[in-house]
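For reference, the structure discussed in these notes is given below.
Because only heavy atoms are used, hydrogens play no part in the values below, and waters and symmetry mates are left out as well, while side chains stay in. Each chain gets a letter, A, B and so on, in the order its sequence line appears, and its residues count up from 1.
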2 protein chains.
Amino acid sequence: MARRDAKTKPTSRPLDARKATILEAVVTEHIDTAQPVGSSSVAHNADVAVSPATVRSEMVTLEREGYLAQPHTSAGRVPTDKGYRYFVDHLSSGVLTSAQQHQVKDFFASVRGEVEDVLEQTSTLLSQLTSYTAVVVGASHTHATILSVQLVSLDARHQLLVTVFSDGSVAKHSVVTSFDAGSLDVSEASRQLNALLIGTTLEHRVQVPSRQDHVAMLVRESVSVLHAERPVTDGEQVFIGGSSKVAEVFDGVETVRKVLSILEQELLVVSLVQDILDQGLSVAIGSEHGYEPLLSCAVIVAPVTVDGAPAGAVGLLGPTRMKYREALAAAGVVSQHLARHFGGEEESV
Amino acid sequence: MARRDAKTKPTSRPLDARKATILEAVVTEHIDTAQPVGSSSVAHNADVAVSPATVRSEMVTLEREGYLAQPHTSAGRVPTDKGYRYFVDHLSSGVLTSAQQHQVKDFFASVRGEVEDVLEQTSTLLSQLTSYTAVVVGASHTHATILSVQLVSLDARHQLLVTVFSDGSVAKHSVVTSFDAGSLDVSEASRQLNALLIGTTLEHRVQVPSRQDHVAMLVRESVSVLHAERPVTDGEQVFIGGSSKVAEVFDGVETVRKVLSILEQELLVVSLVQDILDQGLSVAIGSEHGYEPLLSCAVIVAPVTVDGAPAGAVGLLGPTRMKYREALAAAGVVSQHLARHFGGEEESV
DNA sequence: TATTGGCACTCAATTCTACCGAGTGCCAAC
DNA sequence: GTTGGCACTCGGTAGAATTGAGTGCCAATA
């Protein structure tokens, strides 16, 4: 079964039909038994109409070419990353069970609240659908324009700068002054900031007043604090759902620890997802993503596109022997629903 | 070593000196070996000047009274929750190593940014100090007064309600209307909302206009959305640091899974911490906190008090055989620094 | 009377051995 | 090129034997 549908760049050169079938059988079986697969179980498998001996000799070739590996002499074979890659590249797309479809539909029909809440809950949904750990990344608002800026006084020397962006996100920054700012100063600064910044993006540099009065100083400080957003991968939001799945799905405490500690570092997660997207992949298997502690992991990503613009991504993290077809389907469906949710009805931000 | 200093309500009745010493020796040793402790290693332990045989007979008593348990005949003893409780109740307070003190000081000297960032990073700090999973809970802003309310228009039917509280927190809520709101309507509504809400808390009910015009409807909708904050334990923020420690510190995949899945549910974590604080405890051991999946866990909490008012709490989650003295010290020190950070200098919100 | 050394007993953990069997590689036959 | 046959490998398991840490009990002691 399975062929075509290049959802990931097929880096692997084609394999003759029989080898492909055998490889697929090995991968499939290993995925759901977690055991090395022997020649005979492959031979008995439907679409392979040859004897175990023949399968064995093919396996030798597949092993030599790097698709399979043997844990030790006299054990069956296990797919390598390259083997999984071939499998994934030639995977027919799967569909969700109708129960799952229902779950997704119900979820998106009933979900409400702020974007953050929706994304957060979506990560839980995706994790439940797949029993892998799910990641939902919300796009950075560095490209959104500013709708409103407001300076609110907490006390004489502490102001809060509240910025509303066109994508519905709100940022807050504290502005500390070395002088006591009067409430008139603050509201005047607020007014000037609005005039200055509304309609701009965070990348826009603006001309700030150079005067030395309190209002000008407030304005300068505010603008600089606002534009000081850290360089890359900031402003993105990451939501991780089902981190407990890590403990179910990986074996070996050490692996679990490593994976969890990666998940703790949100910046890392964002760049992982971003890297994979940049490579134009939808799946990164084992060594492909280049994150050493995740060598035994596969990562699935699906971009979320709203009105043609990238609006984030959803991802799944599982063992290399994960259920690719189902997981890809789930990620795909959820990312589409998410896109529709935020795009179709111009959203319920 | 150790006595007095009732930092937790001593539920346990006193034990005669020798029993106490023996119990303490068992607990201490078990904490750092994770093995059942036998009579001879206790006897050889400094402060117990009796023979193994005597220790054994005391142990029988301690076991009968519920302080110790035997995994099986002919194994050493292991402390029960009650045993740990006694130990903790009679624990002399510990201090951090000077390296740790430095780390804490440096951290609070250099940390900056919004409250959320500080709390987040504090959770990581605390986790690093102890190698347990740390929790930092920021107080709910339900009691803070409103400093400013602003309605910002995203499009004709979607407005964003941005509320700034006196504790420096900012909340956002979307307001969806069934009619097209003009920008004049929005700014007028904004003005009225300010007049209505500034200085009130979220618990304050206010009189809203009952007219049927757009402005009044906007105002009504905004107020209702704002006051609709979910009942309890909302508005709190939870930050969890070092969740990967779970995998290091507990054995048994199943335990790890359970603990992680508790940590995923932030509301649960908040109420766990709250429950423990309400009981007036600083440590909840095993069954004491009543969360069944955490039976093999101990939770340490330390309230953070700013200007006499509760401003949150820090917590640590480890196995029942955790290093109480060090962990209590770390939680205490961090909570105090946190309090000072936000209180002393009227903070750098 | 409280403490202690002595001793028989228990039982988890470890080690050893045998062996089973899944799976291989090779080869001669088809 | 494919296949069945066969000898070989080697991880895993199942018992059996052994070890040893630790106990409970008891009689001797101070």
Rounding to an integer number of Å, can you tell me how far [X] [atom1] sits from [N] [atom2]?
X: His44(A); N: dA22(C); atom1: NE2; atom2: C1'; answer: 13 Å
X: Leu62(A); N: dG23(C); atom1: CG; atom2: C1'; answer: 17 Å
X: Gln35(B); N: dT23(D); atom1: CD; atom2: C1'; answer: 17 Å
X: Met59(A); N: dT24(C); atom1: CE; atom2: C1'; answer: 10 Å

Side chain to side chain donor-acceptor pair (under 3.5 Å) with [X]: which residues, sequence neighbours excluded?
X: Ser39(B); answer: Arg56(B)
X: Asn45(A); answer: none
X: Ser40(B); answer: none
X: His289(A); answer: none

### Contact state string [nucleotides 2-8 of chain D, B base, S sugar-phosphate only, - no protein heavy atom under 4.0 Å]
SBBB---

### Task
Can you sort out which residues in residues 68-77 of chain A have a heavy atom within less than 4.0 Å of DNA chain C? Ascending by number, please.
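Going residue by residue through residues 68-77 of chain A, the ones with a heavy atom under 4.0 Å of DNA chain C turn out to be Gln70(A), Ser74(A), Ala75(A), Gly76(A), Arg77(A).
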
### Query
Can any side-chain N or O of Tyr86(B) pair as donor or acceptor with the backbone N or O of Leu15(B) at less than 3.5 Å?
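Confirmed, Tyr86(B) side chain pairs with Leu15(B) backbone.
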
### Query
How would you list, by chain and number, every residue that makes a salt bridge (Lys or Arg N to Asp or Glu O under 4.0 Å) with Arg257(A), sequence neighbours excluded?
Glu254(A), Glu248(B)

#### Entry: By salt bridge (Lys or Arg N to Asp or Glu O under 4.0 Å) - contacts of Lys19(B) (at least two apart)
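Lys19(B) satisfies salt bridge (Lys or Arg N to Asp or Glu O under 4.0 Å) with Asp16(B), Glu58(B) once adjacent residues are dropped.
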
### Query
Asp275(A): what forms a side-chain contact (heavy atoms from CB on, under 4.5 Å) with it, not counting sequence neighbours?
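Only Tyr291(A) meet the side-chain contact (heavy atoms from CB on, under 4.5 Å) criterion with Asp275(A).
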
